[in-house]
Amino acid sequence: MQEPPSSQPWRQWHSGLELDRSWPSPASGIDVNRAELKKRSARIVTDDLSSKPPISDEMYSPLSGESTPSAAFGHYVSEVVWGAYSGHSVAKIDLDGAWASADRMQEALDRKFENLRDQLETFFRSYAGFGQLVYAAALNYDAAEGIFNRQIGKLRNVINGQQDPGRSRPPSDLEPWREEDVSTNSAAGVRKFFERSRPRLLLDLGVVCQNSADWMAGLASTIEGHSEALAKIWGSQAAELCQQALRKLHGTAKTLAYDAGRTGDVLLSFGELYWRYKENCASAVGDFEVDDLWEWAGGEDNEDDERARQYLREFNQAMGVWYNMIPADAEMLLPQIDYVESLDPKESGIEILKRQLREPYPYVW
């Protein structure tokens, strides 16, 4: 893998989930600066949460609607199956021979990509809930402090949340890579597999993941700034707990940034490999049109088939290297303050805050 550029700070965050030991803490006895608390909390709920990293919220739509790695592989075709009243699309393998290696890689990349996207959505749900709680408290400070003091145990409960180890084993641990027997694969099938493949999609998704890593690294830095500012303007037991919430969000943002970046590395490197095999297939295996005419006329070319099988074996072996580098899912430690989507315009910020101090919501990804 190529040497990473130094402009990507997330590459240093490879030690797993770590909480900053020097995290700011409010000075005891400081009086709240209500005006600054409103400004700072407003920045969280408006600026920070107005957008998400490229992998989230369908923000990668320029990829012509293809949003998962599985669309890059060439051993499946879509077919409409008609029932009594309507049809639905199903995917099936229409090539001869063995394609278990491509299946395994396809499924592992899809699972990793979808899990990463779901984890990012879970992170933003937590961050949005935290921002909403602080903003509601800033707008109704005296009443909010009264609620916090009476229900400090509930506030501590939702901020402590729960640690989610993620699906922390990489695909190679769950299902080790195995070489498969390709002795029944034909040259025509191998050529068709590479002809229909779209490795460019893997490259596009790799860029999306690395852009998301950069985005999350920037957000981690922003959270540090919020913590430092809040420590100077808000001092109370509730403020201290909110600092701990920011500390967990910061640590999880860094872990997710690294996970997105490493996933991008795999997609980019494997995509480049796949692209080379696709481009070189015709010269390595034989001319598609000439061989098809020969087979149509009743001829056989065992030499062509053996060359194609060897080409597929080499591709599968190389694919296994990148399969073994797909990272485990990131570990998360998040406050579980639910974001309240209030449809009642008469509902006050205090009512929303009370709803947030219920039992922590479970992880749902």
Side-chain angles (χ1 to χ4, degrees), residues 1-2 14 66 68-78 90-118 165-203 205-206 209 259 262-281 284-286 302-331:
M1 197 177 295
Q2 61 183 5
H14 50 73
E66 302 290 1
T68 58
S70 62
F73 290 77
H75 59 304
Y76 277 95
V77 292
S78 293
V90 297
K92 70 170 190 176
I93 297 177
D94 70 334
L95 304 178
D96 57 52
W99 300 99
S101 294
D103 257 354
R104 189 175 299 119
M105 186 65 163
Q106 179 187 53
E107 290 169 3
L109 287 176
D110 261 8
R111 185 166 55 248
K112 178 61 195 174
F113 190 82
E114 292 294 345
N115 287 350
L116 175 59
R117 184 168 60 185
D118 290 346
R167 298 173 179 84
S168 54
R169 297 175 62 191
S172 56
D173 281 0
L174 299 173
E175 187 178 3
W177 188 261
R178 294 183 296 273
E179 296 298 324
E180 65 179 321
D181 180 7
V182 298
S183 59
T184 58
N185 292 61
S186 69
V190 172
R191 285 189 300 252
K192 190 173 290 186
F193 169 76
F194 284 107
E195 181 186 62
R196 293 195 311 210
S197 296
R198 293 181 291 167
R200 175 58 184 271
L201 177 59
L202 298 174
L203 299 174
L205 292 177
C209 285
D259 189 36
R262 291 291 296 128
T263 302
D265 284 344
V266 172
L267 287 166
L268 287 169
S269 299
F270 175 57
E272 290 175 3
L273 171 85
Y274 205 157
W275 183 277
R276 289 197 303 272
Y277 270 84
K278 176 182 172 70
E279 291 295 294
N280 296 331
C281 180
V285 174
N302 293 330
E303 204 172 294
D304 248 15
D305 284 341
E306 189 47 49
R307 279 201 309 271
R309 290 164 190 157
Q310 183 58 31
Y311 195 69
L312 183 60
R313 287 188 195 101
E314 293 172 3
F315 175 72
N316 285 346
Q317 289 170 0
M319 184 162 56
V321 172
W322 295 111
Y323 175 86
N324 290 331
M325 296 186 74
I326 298 173
D329 292 337
E331 186 178 9

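For the single chain, residues carry numbers from 1 onward in sequence order. Scope of the values below: all heavy atoms of this structure, side chains included, with no hydrogens, waters or symmetry mates. Note that this is a predicted model, so its numbers are computed, not measured.
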>> Could you walk me through whether V266 and L109 satisfy the side-chain contact (heavy atoms from CB on, under 4.5 Å) test, starting with their C-alpha distance in whole Å, then the side-chain angles of each, then the deciding distance to 0.1 Å, before giving a yes or no?
In response: CA-CA 9 Å; V266 172; L109 287 176; 4.3 Å; yes
> What residues, two or more places apart in sequence or in another chain, satisfy side chain to side chain contact (heavy atoms under 4.5 Å, CB included) together with E179?
Replying inline: W177, N316, Q317
> Do you know which two heavy atoms are closest between Y274 and A72, and how far apart they sit?
Replying inline: OH-O, 4.0 Å
>> Can you confirm whether F270 sits close enough to M325 that some side-chain heavy atom of one is under 4.5 Å from a side-chain heavy atom of the other?
In response: no
>> Does this structure show an ion pair linking R309 with E306, if we count only N-O contacts that are shorter than 4.0 Å?
In response: yes
>> Can you tell me how far apart OG1 (T263) and CG (D329) are? Round to the nearest 0.5 Å.
In response: 8.0 Å
>> What's the separation between atom CG in N302 and atom OG in S186, rounded to the nearest 0.5 Å?
In response: 11.5 Å
> Can we call the ring centroids of F73 and W99 under 6.0 Å apart?
Replying inline: no
>> Could you work out, with side chain to side chain contact (heavy atoms under 4.5 Å, CB included) as the rule, every residue matching S172, not counting sequence neighbours?
In response: P170, Y323, N324
> Closest heavy-atom contact between L205 and T68?
Replying inline: CD1-C, 3.6 Å
>> Quick check for you: to the nearest 0.5 Å, what is the distance between N115 atom CG and D110 atom CG?
In response: 10.5 Å
> Which atom pair, heavy atoms only, marks the closest approach of A308 to V285?
Replying inline: CB-CG1, 3.6 Å
> With sequence neighbours left out, what residues match R276 under side-chain hydrogen bond (donor to acceptor under 3.5 Å, both in side chains)?
Replying inline: none
> Hey, mind stepping through S70 and F113 against side-chain contact (heavy atoms from CB on, under 4.5 Å) and telling me if it holds?
Replying inline: CA-CA 10 Å; S70 62; F113 190 82; over 6 Å; no
> What's the spacing between D173 CG and I326 CD1 if we round to 0.5 Å?
Replying inline: 12.0 Å
> Of all heavy-atom pairs between L116 and C209, which one has the smallest distance, and what is that distance?
Replying inline: CD2-SG, 4.3 Å
> With Y311, which residues qualify under ring pair (Phe, Tyr, Trp, His ring centres under 6.0 Å), at least two apart?
Replying inline: F194, Y277
>> Side chains of Q310 and R313 only: does a donor on one sit below 3.5 Å from an acceptor on the other?
In response: yes
> Can you tell if the side chain of D304 reaches within under 4.5 Å of the side chain of R191, non-hydrogen atoms only?
Replying inline: yes
>> Please enumerate all residues that pass side-chain hydrogen bond (donor to acceptor under 3.5 Å, both in side chains) together with S101, with sequence neighbours excluded.
In response: E180
>> Could you report the tightest heavy-atom contact between A98 and T184, atom names first, then the distance?
In response: N-OG1, 4.1 Å
> For R104, which residues count as a side-chain hydrogen bond (donor to acceptor under 3.5 Å, both in side chains) partner, sequence neighbours excluded?
Replying inline: E175
> For D103, what residues pass the side-chain hydrogen bond (donor to acceptor under 3.5 Å, both in side chains) criterion, not counting sequence neighbours?
Replying inline: H75, Y76
> Should K112 and D259 count as an ion pair when the cut-off is N to O under 4.0 Å?
Replying inline: yes
>> Rounded to the nearest 0.5 Å, what separates atom CG in L267 from atom CG in L203?
In response: 9.0 Å
> Between F315 and F193, is a side-chain contact (heavy atoms from CB on, under 4.5 Å) present by the stated rule, with each step listed?
Replying inline: CA-CA 12 Å; F315 175 72; F193 169 76; 4.0 Å; yes
> Minimum heavy-atom separation for R196 to G74, with atom names?
Replying inline: NH2-O, 3.0 Å
>> Test your reading of the model: is there a side-chain donor-acceptor pair from D96 to the backbone of N185, 3.5 Å cut-off?
In response: no
